[in-house]
Amino acid sequence: MTDIANPVAELRVALAGIVGAEHVLTDPALMEQYVVDWSRRWRGDAALVVRPGSTDEVAGVLRACSARGVPVVSQGGNTGLVGGSVPAAGGDPLPVVLSTRRLDHLGNVDDLSGQVTVGAGATLGDVQRHAAAAGWHYGVDLAARDSATIGGTVATNAGGIHVVAFGMTRLQIVGIEAVLPDGSVLSHLAGMLKDNTGYDLGSLFCGSEGTLGVITAVRLRLHRPVGRTSVALIGASTYAEAIDLMSSAVDPSVRLIAAEVTDEQGMELAAQLNGVAWPLAQRHPLVVLLEVADGGDASGFMAGAESIDGRTWGLDDDADVVIGLDASEQARLWKFRESQGEAFTALGITHKLDVSVPLPSLAACAEELRAIVGAWPTMEKFGVFGHLADGNIHVEMFGPDADDLEIDLAILECVARYGGSVSAEHGVGRAKAGELHLCRSAEELAAMRAIKGAWDPQGLMNPGVVFG
Ligand SMILES: Cc1cc2nc3c(=O)[nH]c(=O)nc-3n(C[C@H](O)[C@H](O)[C@H](O)COP(=O)(O)OP(=O)(O)OC[C@H]3O[C@@H](n4cnc5c(N)ncnc54)[C@H](O)[C@@H]3O)c2cc1C
């Protein structure tokens with residue numbers, strides 16, 4: 001019997017009929033982890049959490065929600081940092097959180113084409129290990145690898161630490177299966193590299209942040225492993241010097257796999273968090289991490305100075321550098337950079353900004369951001385670090401109130417003056433929906449809204465995200 005007086009109870013019964021009662025959560029204690037994000041800055045309210053276990057069940061859930069006008073927030077690992085993975089506070093009707101974590105199947109690796117089809121809820125780490133076990137390499141990697149899902153990384157077009165070598169998530173996608181709000185399934189997983197048959201509908205889901213539908217499976221392109229690598233940490237004084245090291249310290253004949261920069265404050269916090277010592281002989285305003293595919297014997301790093309084509313290459317004799325060759329030493333060096341988010345979050349609720357600028361502007365923009373953030377009256381600790389080779393700067397700030405948006409705006413406006421993007425890799429979410437106009441034209445925004453309106457005419461998919 002339909003309980004019209006209690007629409008949530010009625011929805012619960014309807015969804016339980018689709019996914020099984022044990023996969024519909026309404027107990028606030030069980031729902032807590034689904035309504036608060038990793039950073040704890042974003043918290044909202046939901047009617048219930050539903051955990052479908054197949055594409056058909058996702059379609060059934062979306063049909064049921066659409067019929068009742070109930071909004072849906074798709075959620076993978078809930079590691080997104082822009083408030084897009086959790087509902088907003090309040091709302092009538094309250095949204096449903098649709099967790100994709102049960103869609104975690106890993107298909108057989110197709111050795112001939114170097115591809116694999118995986119469920120949207122498989123973690124990035126599981127996909128990496130699955131590919132490696134079959135002799136292949138998945139090109140995306142980031143510190144949240146053991147929680148972030150493939151669906152989430154596609155929905156945010158995640159970047160991470162290997163973009164310089166393999167590109168963003170968008171470049172790894174051969175096909176996508178997704179469900180629209182009316183329950184129709186768009187499935188394009190055959191794995192053809194060449195397929196010019198009209199619009200590439202799947203690619204619209206990449207970077208859609210749950211606003212168009214639910215990604216249920218992804219066909220991924222894999223790479224041949226790069227082999228053994230060497231990792232170096234090198235002290236630097238300025239961002240300009242840090243950028244220069246990417247060419248001056250690396251043999252131009254080897255492949256650069258990663259180039260990252262961390263600042264002194266962040267290094268210090270990471271050392272404290274992990275209970276380890278400062279890794280270099282001296283303190284420096286910045287520490288650059290370079291990883292090169294050189295067979296693992298450090299031959300990819302230029303020692304001493306040497307003239308090639310009239311240019312001087314190589315690390316100065318007085319460069320402060322440590323090189324990791326074996327896996328455990330490399331993991332120790334990487335830890336300083338990879339635990340930045342965690343180290344700042346350990347202080348309390350922090351503001352986490354992720355922006356990008358054209359590489360030639362990175363040094364000037366990063367220095368200006370340091371000046372803005374450093375002079376902010378309520379600032380206690382901050383870091384300006386990031387994925388150096390990608391022009392991608394992260395700003396972590398502890399001190400300003402969680403809901404003080406002025407400092408965020410000052411940063412985004414500074415980036416816009418350099419012709420940059422208000423979101424490099426984390427997405428727009430709720431955090432930057434109001435600032436999209438700083439880097440997207442009115443015409444571009446109108447085209448995006450038209451697509452959203454066509455696919456989600458009731459506006460039920462992750463309302464408030466991307467468009468505000
Ligand atoms: C310690 C740490 C380090 C990080 N490092 C990086 C980094 O280097 N590079 C980077 O790009 N990001 C990084 N992130 C951010 C985050 O890990 C990525 O944005 C990741 O892609 C989110 O995946 P998720 O499964 O957790 O998605 P969620 O957080 O659950 O969701 C993110 C967005 O995607 C949508 N979504 C999720 N799954 C689906 C689906 N199946 N269908 C449709 N929409 C969906 C959600 O609605 C939401 O809008 C980091 C986060 C942490 C905590």
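Note that ligands are numbered from 1 as they come in the structure, with each ligand's atoms numbered from 1 the same way.
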Open item on the list: Side chain or backbone, does Val465 bring an N or O within less than 3.5 Å of an N or O on ligand 1?
Closed with: no
- [ ] Looking only at non-hydrogen atoms, find the nearest pair between Pro181 and Leu212 and report the distance.
- [x] CD-O, 3.3 Å
Task: Atom indices of ligand 1 within 4.0 angstrom of Ser85 heavy atoms, with elements - done: 28 (P), 29 (O), 30 (O), 31 (O), 48 (C)
TODO: Can you pull out the closest protein heavy atom to atom 33 (C) of ligand 1? Residue, atom name and distance to 0.1 Å, please.
DONE: Thr156 CG2, 3.6 Å
Open item on the list: Does the residue Val73 have a heavy-atom contact with ligand 1, meaning some pair of atoms that are separated by less than 4.0 Å?
Closed with: no
TODO: Mark up the atoms of ligand 1 that fall under 4.0 Å of a heavy atom belonging to Gln75, in ascending order.
DONE: 30 (O)
TODO: Would you check whether Gly213 reaches within less than 4.0 Å of ligand 1, judged by its heavy atoms?
DONE: yes
Task: For His387, the ligand 1 atoms whose distance to one of its heavy atoms is below 4.0 Å - done: 8 (O)
TODO: Any atoms of ligand 1 less than 4.0 Å from a non-hydrogen atom of Gly80? List them with their elements.
DONE: 26 (O), 29 (O)
Open item on the list: Could you work out, for atom 6 (C) of ligand 1, the closest of Leu142, Val140, Asp390 by heavy-atom distance?
Closed with: Leu142
- [ ] Kindly assign one of parallel, tilted or perpendicular to the pair Phe385 and Phe344, based on the angle between their ring planes and the thresholds 30° and 60°.
- [x] parallel
Open item on the list: Taking 4.0 angstrom as the limit and counting only heavy atoms of Gly84, give me the atoms of ligand 1 inside it, by number and element.
Closed with: 46 (C), 47 (O), 48 (C), 49 (O)
Task: Under 3.5 Å side-chain donor-acceptor pair for Thr117 and Arg219 - done: yes
Open item on the list: Is it true that, when you exclude Lys452 itself, more than 12 heavy atoms of the residues, nucleotides or ligands shown sit nearer than 6.0 Å to its NZ?
Closed with: yes
Open item on the list: Under the rule for side-chain contact (heavy atoms from CB on, under 4.5 Å), what residues qualify as partners of Ala158, not counting sequence neighbours?
Closed with: Leu142, Thr153, Thr156, Thr169
Open item on the list: Check this for me, if you would: do Asp146 and Arg129 make a salt bridge, where the nitrogen-to-carboxylate-oxygen distance has to be below 4.0 angstrom?
Closed with: yes
Task: Taking atom 12 (N) of ligand 1 as the reference point, the nearest protein heavy atom with its distance - done: His426 CD2, 3.4 Å
TODO: Around atom 50 (C) of ligand 1, find the nearest protein heavy atom and jot down its residue, atom name and distance.
DONE: Leu81 CD1, 4.0 Å
Open item on the list: I'd like to know if Glu338 contacts ligand 1, where contact means a heavy-atom distance under 4.0 Å to any ligand atom.
Closed with: no
Task: Test item, Thr100 contacting ligand 1 (heavy atom, 4.0 angstrom) - done: yes
- [ ] Please write down residue, atom name and distance for the protein heavy atom closest to atom 53 (C) of ligand 1.
- [x] Trp38 CD2, 3.3 Å
- [ ] For Arg370 and Tyr239, test the side chains for any donor-to-acceptor distance below 3.5 angstrom and give the result as yes or no.
- [x] yes
TODO: Using the ring of Trp136 (Phe, Tyr or Trp, six-membered ring only), decide whether Arg224 places NZ or CZ under 6.0 Å from its centre and within 45 degrees of its axis.
DONE: yes
- [ ] Identify, for atom 15 (C) of ligand 1, the protein heavy atom at the shortest distance, and state residue, atom and that distance.
- [x] Thr79 O, 3.6 Å
Task: ligand 1 atoms in contact with Thr153 (distance to a heavy atom under 4.0 Å) - done: 21 (O), 23 (O)
Open item on the list: Taking a cutoff of less than 4.0 Å between a non-hydrogen atom of the residue and any ligand atom, is Gly210 in contact with ligand 1?
Closed with: yes
Open item on the list: Return the closest protein heavy atom for atom 11 (O) of ligand 1 as residue, atom name and distance.
Closed with: Gly159 N, 2.9 Å
TODO: Could you tell me whether Trp455 and Phe205 have their ring centroids closer than 6.0 angstrom?
DONE: yes
Open item on the list: Less than 4.0 angstrom from a charged side-chain N to a carboxylate O is my criterion; do Arg145 and Asp126 meet it?
Closed with: no
Open item on the list: Between Glu177 and Thr55, do the side chains contain a donor N or O and an acceptor N or O under 3.5 Å apart?
Closed with: yes
Open item on the list: Return the closest protein heavy atom for atom 42 (N) of ligand 1 as residue, atom name and distance.
Closed with: Ile215 N, 2.9 Å
Task: Donor + acceptor pair across side chains of Asn274, Ser339 (<3.5 Å) - done: yes
Task: Donor on one side chain, acceptor on other, Asp182 and Ser184, under 3.5 Å - done: yes
Task: Atoms of ligand 1 close to Ala144 [distance to a heavy atom under 4.0 angstrom, numbered from 1] - done: 2 (C), 3 (C), 17 (O), 51 (C), 52 (C)
Open item on the list: Out of all atoms in ligand 1, which are within 4.0 Å of some heavy atom of Ala155? Include the element for each.
Closed with: 34 (O), 35 (C), 36 (N), 44 (N), 45 (C)
TODO: Considering heavy atoms of the protein only, find what lies nearest to atom 27 (O) of ligand 1 and give residue, atom and distance to 0.1 Å.
DONE: Gly152 CA, 3.5 Å
Task: Aromatic contact, Phe166 with His137 (centres under 6.0 Å) - done: yes
TODO: Between Leu103 and ligand 1, find which residue part has any heavy-atom pair under 4.0 Å and reply side chain, backbone, both or neither.
DONE: neither
